[in-house]
Amino acid sequence: YIAPVKGRLGVLLVGLGAVSTTLIGGVHAVRKGLAQPVGSLTQMGTLRLGARTEQRAPLIRDFVPLASIDDLVFGAWDPFPDSAYEAARKAQVLEPTLLEALRPELEAVKPWPAAFDSAYVRRLHGTHVKSGGNRRELVAQIREDIRQFMQAHALERAVMIWCGSTECHADS
């Protein structure tokens, strides 16, 4: 037995660049009827039940209790202060007419300062970063961001997706 989902789902994105803004823009485009959820396993994918000859293949979203695409609420951290709209515009990941149609929804997603260390991502020099004496303090700040986000949106649950730049190798 899988319990049914309740309420909205927070989607917390680490990095608010091309990948994140494509995700956010795609969700809002589907919500507004401007696009189909092409490529979304949860929205369009099916699973086979029984033998192939039975031809029983319900949509995954109709079989497994998942959050509705309408129930997703986005938050993000990024080392630059640009809203999702500005980040998507700079990354040129959405067609200009679609970008403008989604502008209010994308502008509403403003990142929290990132826990960022340029020693691990040498080509970026973030200006929108948390400060703290050590990593423990930065983690405490991230946890507070999550608490405030969940409280502000009355969320019981959230997921985090890494969409940041790939770090360099670090010797341990």
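We're numbering straight along the sequence, starting at 1.
- Follow the hydrophobic side-chain contacts under 4.5 Å out from F80 and you never reach V109; the two are in separate clusters.
- Between P4 and P65, the closest heavy-atom pair is CA-CB, 3.9 Å.
- Between the side chain of D71 and the main chain of R8, no donor-acceptor pair closer than 3.5 Å is present.
- Tested against V27, the residues V30, I24, L23 include a single side-chain contact (heavy atoms from CB on, under 4.5 Å) partner, L23.
- With hydrophobic clusters built from ILVMFWY side chains whose heavy atoms lie under 4.5 angstrom apart, L72 shares a cluster with L34.
- Looking only at side-chain heavy atoms (C-beta outward), L66 and V5 stay at 4.5 Å or farther from each other.
- With H153 contributing its side chain and L9 its backbone, the two residues share no donor-acceptor pair below 3.5 Å.
- Both V11 and L102 belong to a common hydrophobic cluster when Ile, Leu, Val, Met, Phe, Trp and Tyr are linked at side-chain heavy-atom distances under 4.5 angstrom.
- Residues G25 and L94 share a closest heavy-atom pair of CA-CD1, 4.3 Å.
- The line from NE2 of H28 to CZ of F74 is 5.5 Å long, rounded to the nearest 0.5 Å.
- Without hydrogens or angle criteria, S118 side chain to H125 main chain gives no donor-acceptor distance under 3.5 Å.
- Side-chain contact check for P111 versus L16: some heavy-atom pair is nearer than 4.5 Å.
- Residues G17 and D78 share a closest heavy-atom pair of N-OD1, 4.3 Å.
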Going through the checks in order, is the side chain to side chain contact (heavy atoms under 4.5 Å, CB included) test met by L124 and F116?
-> CA-CA 10 Å; L124 295 180; F116 180 77; 3.8 Å; yes
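- Using a 4.5 Å heavy-atom threshold, the side chains of D82 and R89 count as separate.
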Pair V14-I161, side chain to side chain contact (heavy atoms under 4.5 Å, CB included): steps then yes or no = CA-CA 6 Å; V14 179; I161 303 172; over 6 Å; no
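- Closest heavy-atom contact between C163 and V19: SG-CG1, 3.9 Å.
- In this structure, E100 contributes its side chain and T97 its backbone to no donor-acceptor pair below 3.5 Å.
- In this structure the side chain of E95 never reaches within 4.5 angstrom of the side chain of L99, judged on heavy atoms.
- Residue R147 qualifies as enclosed at atom CZ: its count of foreign heavy atoms under 6.0 Å is above 12.
- Panel note: side chain R157, backbone G7; a donor-acceptor pair is recorded below 3.5 Å.
- Between K32 and A101, the shortest heavy-atom distance links the atoms NZ-O, 2.7 Å.
- Of the possible polar contacts, one joining the R31 side chain to the I69 backbone as a donor-acceptor pair under 3.5 Å is found.
- Side-chain contact between P113 and K130 is present, with heavy atoms from C-beta onward closer than 4.5 Å.
- Cluster membership check: L41 shares its hydrophobic cluster with L49, using side-chain heavy-atom separations under 4.5 Å among Ile, Leu, Val, Met, Phe, Trp and Tyr.
- Remark: side-chain polar atoms of K110 are not paired, donor with acceptor, to backbone N or O of S83 under 3.5 angstrom.
- Side-chain contact between K90 and Y85 is absent, with no heavy atoms from C-beta onward closer than 4.5 Å.
- Across all their heavy atoms, G15 and S20 have their closest contact at O-OG, 2.6 Å.
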Yes or no on side chain to side chain contact (heavy atoms under 4.5 Å, CB included) for Q43 and V38, after CA distance, side-chain angles and deciding distance?
-> CA-CA 8 Å; Q43 299 301 301; V38 174; over 6 Å; no
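- Taken to the nearest 0.5 Å, the NZ atom of K6 stands 6.0 Å off from the CD atom of E156.
- Within the 4.5 Å cutoff, no side-chain heavy atoms of D145 are placed close to those of L12.
- Applying the salt bridge (charged side-chain N to carboxylate O under 4.0 Å, His left out) test to R135 and every residue at least two apart in sequence or in another chain returns D117.
- The closest side-chain donor-acceptor pair between Q141 and E137, if any, does not fall under 3.5 angstrom.
- Note that the CD1 atom of I60 and the OG1 atom of T46 stand 6.5 Å from one another [nearest 0.5 Å].
- Residues L138 and L13 fall into different hydrophobic clusters, defined by Ile, Leu, Val, Met, Phe, Trp and Tyr side chains chained together at heavy-atom separations under 4.5 Å.
- Ring planes of W112 and W77: tilted class, angle from 30 to 60°.
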